[in-house]
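All figures in this text were calculated on a predicted structure; none of them were measured in a lab. Note that ligands are numbered from 1 as they come in the structure, with each ligand's atoms numbered from 1 the same way.
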Amino acid sequence: MIHFQQATFLKSAAKVSQFPEDIGSEVAFVGRSNAGKSSALNALTCQKKLARVSGTPGRTQLINFFNLTEEVRLVDLPGYGYAAVPKAVKNAWHVLIDKYLTTRKSLKGLVLLMDIRHPLQTFEQEVLEWCSKSHLLVHVLLTKADKLSNSAARTQLDKVAQQMEQYGEVASIQLFSAIKKRGIEELREKLSKWLLDL
Ligand SMILES: Nc1nc2c(ncn2[C@@H]2O[C@H](COP(=O)(O)OP(=O)(O)OP(=O)(O)O)[C@@H](O)[C@H]2O)c(=O)[nH]1
Ligand SMILES: [Mg+2]
């Protein structure tokens with residue numbers, strides 16, 4: 001059993017040399033800016049301010065590492081693609097995330113968050129494509145599910161799940177709402193399997 005409530009902030013990294021030691025296991029949350037990464041981390045860990053939630057998109061520019069135990073971590077990757085961010089910063093995002101994804105041995109899988117109202121845009125397709133090619137597990141959260149009716153959310157889930165079949169067995173998907181606390185147990189089960197190598 002993993003006790004997600006035990007999460008504590010470990011450190012922020014702006015470059016590879018600042019990453020914590022690459023031992024044990026970790027899962028990383030990735031998504032475009034404003035997709036709900038920080039909110040999902042807070043909901044998952046039952047903490048209000050673990051990962052900062054901001055109304056101003058793009059504020060989380062660093063990779064934030066959180067400890068669950070000494071050798072198990074959650075990672076909040078900086079939001080992708082906030083329009084007001086200068087090109088140089090966007091390039092830096094790509095370089096840092098690329099390095100993280102391609103070198104991190106303890107990375108067991110990615111949680112890819114996308115707003116249920118506009119899923120599977122180019123960025124999300126690229127992440128899924130990359131995971132598929134690299135055999136990295138990826139679990140999609142359709143976030144802000146509370147913005148749709150229950151039946152509309154279900155319909156959207158089925159539609160996106162079908163579109164994701166092309167990425168093969170590495171990919172899975174669920175509905176999520178940080179506000180309504182929906183999908184938290186399902187997410188915990190998935191992450192526990194990954195982190196404990198079950
Ligand atoms: N309705 C609704 N709004 C949400 C939900 N989750 C997050 N939000 C809102 O969406 C906005 C962005 O949420 P964050 O959790 O900060 O998103 P993020 O992906 O961490 O954003 P960056 O750190 O900028 O990359 C905030 O205004 C949240 O309150 C949800 O489940 N439902
Ligand atoms: Mg954030």
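For Gly31, the closest heavy-atom approach to ligand 1 does not fall below 4.0 Å. Within the 4.0 Å heavy-atom shell around ligand 1 one finds Asp146.
Of the heavy atoms in Lys147, only side-chain atoms (C-beta onward) come closer than 4.0 Å to ligand 1.
Contact check for Leu175 versus Lys180: no side-chain heavy atoms found under the 4.5 Å cut-off. Between Arg32 and Asp115 the shortest side-chain heavy-atom distance does not fall below 4.5 Å. Residues Leu68 and Leu195 meet the side-chain proximity criterion, which asks for heavy atoms closer than 4.5 Å. Side-chain contact between Leu74 and Leu44 is present, with at least one heavy-atom pair separated by less than 4.5 Å.
Distances between N or O atoms of Gly36 and those of ligand 1 include at least one value under 3.5 Å. The shortest N/O to N/O separation between Pro78 and ligand 1 does not fall below 3.5 Å.
Applying the ring pair (Phe, Tyr, Trp, His ring centres under 6.0 Å) definition to pairs two or more places apart or across chains, those involving residues 5-42 are Phe9-Phe66, Phe19-Phe65, Phe19-Tyr100. Each salt bridge (Lys or Arg N to Asp or Glu O under 4.0 Å) pair with one or both residues in residues 187-198, not counting sequence neighbours, appears once here: Lys108-Asp197, Glu185-Arg188.
Against a heavy-atom cut-off of under 4.0 Å, Ile179 is close to the following atoms of ligand 1: 1 (N), 2 (C), 3 (N), 30 (C), 31 (O), 32 (N). For ligand 1, the atoms sitting less than 4.0 Å from at least one non-hydrogen atom of Gly79 are 25 (O), numbered in the order shown with element in parentheses.
The Mg ion (ligand 2) has no N, O or S atom of Ser33 inside 2.8 Å of it.
Within a 6.0 Å sphere centred on NZ of Lys15, heavy atoms belonging to other residues, nucleotides or ligands number 12 at most.
In this structure, of Ala40, Ala35, Ser39, the residue bringing a heavy atom nearest to atom 7 (C) of ligand 1 is Ser39. Of the candidates Lys180, Arg182, Lys144, Lys181, the one placing a heavy atom closest to atom 9 (C) of ligand 1 is Lys144.
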